[in-house]
Amino acid sequence: MQGKVVDVTFEVFPATPEDIANMPQGGLTNPFDTAALTVLALAYYPTNRELSLGMLKYLKGPSELSNYEQQFIRDRFMDKDYVPRSYFVGATPRNDYTPSSPWTIRISDNPYSYDNQGYAKLWLTSGGADSPRQIVLRQAKDGKWYLWEQFILADIRKPESQNPWA
């Protein structure tokens, strides 16, 4: 049961956590923008861990990026650095999850996405998964939507270059 589908498109990738804040989506005025920026932040992790974590800390807002969350992210990237790239439209196992620019992330909600006041449960489409993956955002007193929980680093199909059966 799908509701609204939103494509969030980025012309450039931010280079610093401050750059995220200055992007059109960086105002975190709606949960779709925050969800898309979370994918961008995680996409940096394999090449620049500190930058990625700095961006995630910005997206967490008044909530702390816990040691547990940092360990979880590190564990998920052990041998699957392609997972965040799979959320960009056009990135599939066939092209080794190589998206083209401009970079677009497709996000959807459904009739139950806003059942809990102040929270939004959204779904992101991965080119390597059969069903969308969930991300939860929370609205703070300042009206901005912050990252609360993400379930987007789950396993997906391997890129063809890593799959002996492809």
Side-chain angles (χ1 to χ4, degrees), residues 6-28 30-107 122-137 144-166:
V6 174
D7 284 347
V8 180
T9 300
F10 300 100
E11 298 294 330
V12 296
F13 266 56
T16 67
E18 294 78 24
D19 287 349
I20 276 189
N22 294 322
M23 296 177 77
Q25 300 86 355
L28 311 180
N30 69 72
F32 293 91
D33 286 346
T34 305
L37 288 170
T38 300
V39 173
L40 279 185
L42 289 168
Y44 273 105
Y45 195 86
T47 57
N48 191 333
R49 192 174 289 185
E50 291 308 311
L51 176 59
S52 176
L53 294 176
M55 290 176 174
L56 289 170
K57 287 175 185 174
Y58 171 75
L59 295 171
K60 293 282 287 180
S63 177
E64 179 183 321
L65 182 63
S66 71
N67 288 335
Y68 170 79
E69 289 172 300
Q70 292 180 51
Q71 178 66 40
F72 177 81
I73 292 168
R74 186 171 68 237
D75 290 350
R76 293 296 169 178
F77 277 102
M78 288 294 215
D79 60 348
K80 298 174 188 85
D81 65 349
Y82 50 86
V83 173
R85 293 192 317 265
S86 77
Y87 291 99
F88 293 100
V89 172
T92 65
R94 176 166 264 148
N95 66 14
D96 286 340
Y97 298 110
T98 305
S100 58
S101 65
W103 299 278
T104 301
I105 299 167
R106 184 158 292 141
I107 306 164
L122 303 178
W123 283 263
L124 288 88
T125 303
S126 164
D130 293 330
S131 58
R133 303 296 168 86
Q134 187 182 102
I135 188 167
V136 180
L137 301 309
K144 295 181 180 181
W145 288 91
Y146 295 100
L147 173 62
W148 188 248
E149 292 179 294
Q150 59 82 17
F151 305 97
I152 61 175
L153 294 178
D155 207 8
I156 60 173
R157 288 185 285 284
K158 290 183 181 217
E160 277 194 15
S161 66
Q162 296 180 23
N163 185 350
W165 304 106

**Item:** Interatomic spacing from CH2 in W145 to CG in L122 - rounded to 0.5 Å
**Value:** 8.5 Å
**Message:** Quick one, L40 and P14 - any side-chain contact, counting heavy atoms below 4.5 Å?
**Reply:** yes
**Request:** Considering non-hydrogen atoms only, spot the tightest contact between L147 and E149 and give its length.
**Result:** CD1-O, 3.8 Å
**4.5 Å side-chain heavy-atom contact, L37 and M23** = yes
**Asked** Any chance NZ of K158 has more than 12 other-residue heavy atoms, nucleotides or ligands included, within less than 6.0 Å?
**Response** no
**Message:** One pair to check against side chain to side chain contact (heavy atoms under 4.5 Å, CB included): K57 and E64. What are the steps and the verdict?
**Reply:** CA-CA 7 Å; K57 287 175 185 174; E64 179 183 321; over 6 Å; no
**Prompt:** Is there side-chain contact between F88 and T104, with at least one heavy-atom pair below 4.5 Å?
**Reply:** no
**Verdict with supporting geometry, T9 and I105, side chain to side chain contact (heavy atoms under 4.5 Å, CB included)** = CA-CA 6 Å; T9 300; I105 299 167; over 6 Å; no
**Prompt:** Measuring from L65:CG to I73:CD1, what's the distance to the nearest 0.5 Å?
**Reply:** 5.5 Å
**Message:** Could you check whether any side-chain heavy atom of E18 comes within less than 4.5 Å of a side-chain heavy atom of Y58, counting everything from C-beta outward?
**Reply:** no
**Prompt:** Distance-only, no hydrogens or angles: does the S52 side chain make a donor-acceptor pair with backbone N or O of N48 under 3.5 Å?
**Reply:** no
**Item:** Reported CG-to-CZ distance for the pair N95 and R85, which is rounded to 0.5 angstrom
**Value:** 9.5 Å
**R106 side, atom CZ; S126 side, atom OG - distance, nearest 0.5 Å** = 12.5 Å
**Message:** Go through it in stages, so that I can follow the logic: the residues are R133 and I156, the test is side chain to side chain contact (heavy atoms under 4.5 Å, CB included), and I'd like the CA-CA distance, side-chain angles, deciding distance and then a yes or no.
**Reply:** CA-CA 11 Å; R133 303 296 168 86; I156 60 173; 4.0 Å; yes
**Prompt:** What residue among Y45, Y44, F72 forms ring-ring contact (aromatic ring centres under 6.0 Å, His included) with F77?
**Reply:** Y45
**Prompt:** Can you name the closest pair of heavy atoms from M55 and A15 and give their distance?
**Reply:** CE-C, 4.3 Å
**Prompt:** For the atom pair CZ (R74) and CZ (R49), what is the distance rounded to the nearest 0.5 Å?
**Reply:** 6.5 Å
**Asked** Can you find a heavy atom in the side chain of Y146 that is under 4.5 Å from one in the side chain of L137?
**Response** no
**Item:** Closest non-hydrogen atom pair, W123 against Q134
**Value:** CZ2-NE2, 3.6 Å
**Prompt:** Is there a side-chain contact between F32 and I107 (heavy atoms, below 4.5 Å)?
**Reply:** yes
**Request:** Look at the aromatic rings of Y97 and Y82 and report parallel, tilted or perpendicular, splitting at 30° and 60°.
**Result:** parallel
**Message:** Ignoring hydrogens, what is the shortest heavy-atom contact between G128 and S86? Give both atom names and the distance.
**Reply:** N-CB, 4.4 Å
**Asked** Among side-chain atoms of D19 and T16, is any donor-acceptor pair under 3.5 angstrom?
**Response** yes
**Request:** Give the C-alpha distance, both sets of side-chain angles, the deciding distance and a yes or no for side chain to side chain donor-acceptor pair (under 3.5 Å) between Q71 and N67.
**Result:** CA-CA 6 Å; Q71 178 66 40; N67 288 335; over 6 Å; no
**Request:** Give the intermediate values and the outcome of side chain to side chain contact (heavy atoms under 4.5 Å, CB included) for residues T125 and Y87.
**Result:** CA-CA 6 Å; T125 303; Y87 291 99; 5.9 Å; no
**Item:** Side chain to side chain, I152 and P84, heavy atoms closer than 4.5 Å
**Value:** no
**Steps toward salt bridge (Lys or Arg N to Asp or Glu O under 4.0 Å) verdict (D130, R157)** = CA-CA 9 Å; D130 293 330; R157 288 185 285 284; 3.0 Å; yes
**Asked** Hey, is the main chain of L28 close enough, under 3.5 Å, to the side chain of D33 for a donor-acceptor pair?
**Response** no
**Prompt:** Which heavy-atom pair separates A154 from V83 by the least distance, and what is that distance?
**Reply:** O-CG1, 3.8 Å
**Test item: Q70 and L53 side chains (from C-beta on) under 4.5 Å apart, heavy atoms** = yes
**Asked** Which heavy-atom pair separates D96 from P159 by the least distance, and what is that distance?
**Response** OD1-CB, 3.1 Å
**Message:** Measuring from atom OG1 of T34 to atom NZ of K60, what distance do you get when rounded to the nearest 0.5 angstrom?
**Reply:** 12.0 Å
